[in-house]
Amino acid sequence: MDCRECSLEMTAFLDGELPQSRVSEVRSHVDTCPACTRELSDLRKTVAIVSAHHRRIDLHSAGWSKVLVQLEDTGKPSRQGWLVFGFARWQPVAIALTGFGLTVGLWSYQRHIESRRALEHYMIEYVQAREAQEQSHRRLVDRGTVGDPAHPETGDVENPFLLVRHTTGGNPFRR
Amino acid sequence: MTGTADGTGAPIDDRALIADWVKRAKKGDLDSYRRLYDRFARRVLNFIYRMVNSPEEAEDLTQETFVAVFRKLNTLKKNDRFEAWLFRIARNFVYQKYRSREPHLVSVEELDEDGQPVTEIPEARKGPGESLEAQELEDIVEGAIGSLPEKYREVFVLSAIQHLSYQEIADIVGRSLASVKTDIHRARLAVRRQVKDYLRV
């Protein structure tokens with residue numbers, strides 16, 4: 001540390017505002033430099049003179065009374081002040097979050113509606129296919145041709161879901 | 001020596017006490033607010049006095065400050081930062097007052113023999129038997145502080161007289177820590193030049 005650098009740090013050194021590493025540097029330099037020792041001493045005395053001899057004025061004895069009169073008119077500290085301050089500060093964030101939330105909500109709702117419609121459509125087709133299959137089976141029972149190889153349409157009646165698969169054209173939930 | 005390890009001026013026990021008073025005052029406890037007034041009003045008064053150079057105006061602005069502070073208490077987020085926040089509000093009142101004021105034109109009668117404006121030094125409290133040298137020193141100190149540019153004067157007063165930490169001063173004046181540190185040093189050097197004749201006594 002040179003004299004110029006030391007001089008710049010002297011006031012902060014005296015005020016206890018320097019980090020410890022810098023304090024050590026200033027001390028080391030001042031210990032070996034008469035000019036900086038004198039300058040530090042002058043600054044220290046300057047602060048002492050100012051502290052001891054600056055003019056002070058006193059509060060008026062009725063000062064608090066005057067403040068109190070106005071405070072009593074005011075009532076409690078304003079909560080609105082905090083609300084306004086807090087709201088003003090967070091308003092853009094609140095608006096952005098609200099917009100995002102609404103967008104996500106609408107999108108989710110739309111997906112929900114679409115899924116529900118697809119499910120309803122699938123169930124309707126399934127029920128229709130089952131009814132058709134049952135009607136066909138009843139007709140065959142009435143005719144007495146159940147299990148007759150000459151009538152292949154009665155083929156595999158034990159697994160109605162095979163018919164359903166062919167009828168509906170696949171699972172609408174599978175994309 | 002100003003400041004503590006965590007960058008505020010008041011000892012830790014005091015800060016806890018002040019924070020408690022602020023907390024109660026926020027709920028409308030005027031007794032607690034009276035304690036805050038008793039603790040800080042004189043310091044605020046003398047800070048404002050340095051800026052406006054008039055005891056009457058300083059008194060009025062101090063009262064306005066404390067009324068405004070009470071109304072805005074719930075906007076203070078950290079109760080233990082009350083001191084710096086209070087000084088900041090006081091400073092804002094001073095600047096608002098000055099910005100609305102018309103420039104003061106100095107008449108011929110207000111100039112001294114050298115053509116410099118005569119600085120009115122308000123009546124201050126004087127103890128009985130105050131020596132001539134002490135009075136002289138007081139005038140020199142007042143002149144030295146008063147002659148500082150506003151930017152230097154406020155940080156000088158807040159550091160050398162009010163003993164606030166550099167971080168608190170930076171918060172009050174709304175400048176960087178580095179800028180405040182430089183200005184405090186320059187202000188001290190300027191005052192040192194004015195009082196140099198008394199440094200060898």
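Order of the sequence lines fixes the chain letters, A, B, ..., with proteins taken first and strands second; residue numbering starts at 1 for each chain.
- Here the side chain of B:Asn46 pairs a donor or acceptor atom with the backbone of B:Arg42 at under 3.5 angstrom.
- Between A:Tyr109 and A:His112, the two ring planes are tilted [angle within 30° to 60°].
- Within the 3.5 Å criterion, the main-chain N or O of A:Ser24 finds a donor-acceptor partner in the side chain of A:Ser28.
- Using a 4.5 Å cut-off between heavy atoms, B:Ile145 touches chain A through its side chain atoms alone.
- Only the side chain of B:Ala58 comes within less than 4.5 Å of a heavy atom of chain A; its backbone N, CA, C and O stay farther away.
- A:Ser7 places no side-chain N or O within donor-acceptor distance of the main-chain N or O of A:Cys3, the cut-off being under 3.5 Å.
- In this structure, chain B has heavy atoms under 4.5 Å from both the backbone and the side chain of A:Val67.
- Contacts of A:Ser41 with chain B are absent, with no heavy-atom separation under 4.5 Å from either backbone or side chain.
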Can you list the steps and then say if B:Phe70 with B:Leu36 is a side-chain contact (heavy atoms from CB on, under 4.5 Å)?
CA-CA 10 Å; B:Phe70 185 76; B:Leu36 291 169; over 6 Å; no
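- Heavy atoms closer than 4.5 Å to chain A are found in both the backbone and the side chain of B:Gln63.
- Both the backbone and the side chain of B:Tyr33 come within contact range of chain A, each with at least one heavy atom under 4.5 Å from a heavy atom of that chain.
- Residue contact with chain B, scored on non-hydrogen atoms closer than 4.5 Å, involves the side chain of A:Arg38 exclusively.
- Top candidate by heavy-atom pairs under 4.5 Å with chain B, chosen from A:Leu68, A:Leu8, A:Val47, is A:Leu8.
- In this structure, B:Phe66 and B:Tyr37 have perpendicular ring planes: the angle between them is above 60°, well past the 30° mark.
- If you measure heavy-atom distances from A:Glu9 to chain B, the contacts under 4.5 Å come from the side chain alone.
- Residue B:Arg50 touches chain A through its side chain alone, counting heavy-atom pairs closer than 4.5 Å.
- Looking at B:Asn92 and B:Gln96, their side chains never bring a donor and an acceptor atom within 3.5 Å of each other.
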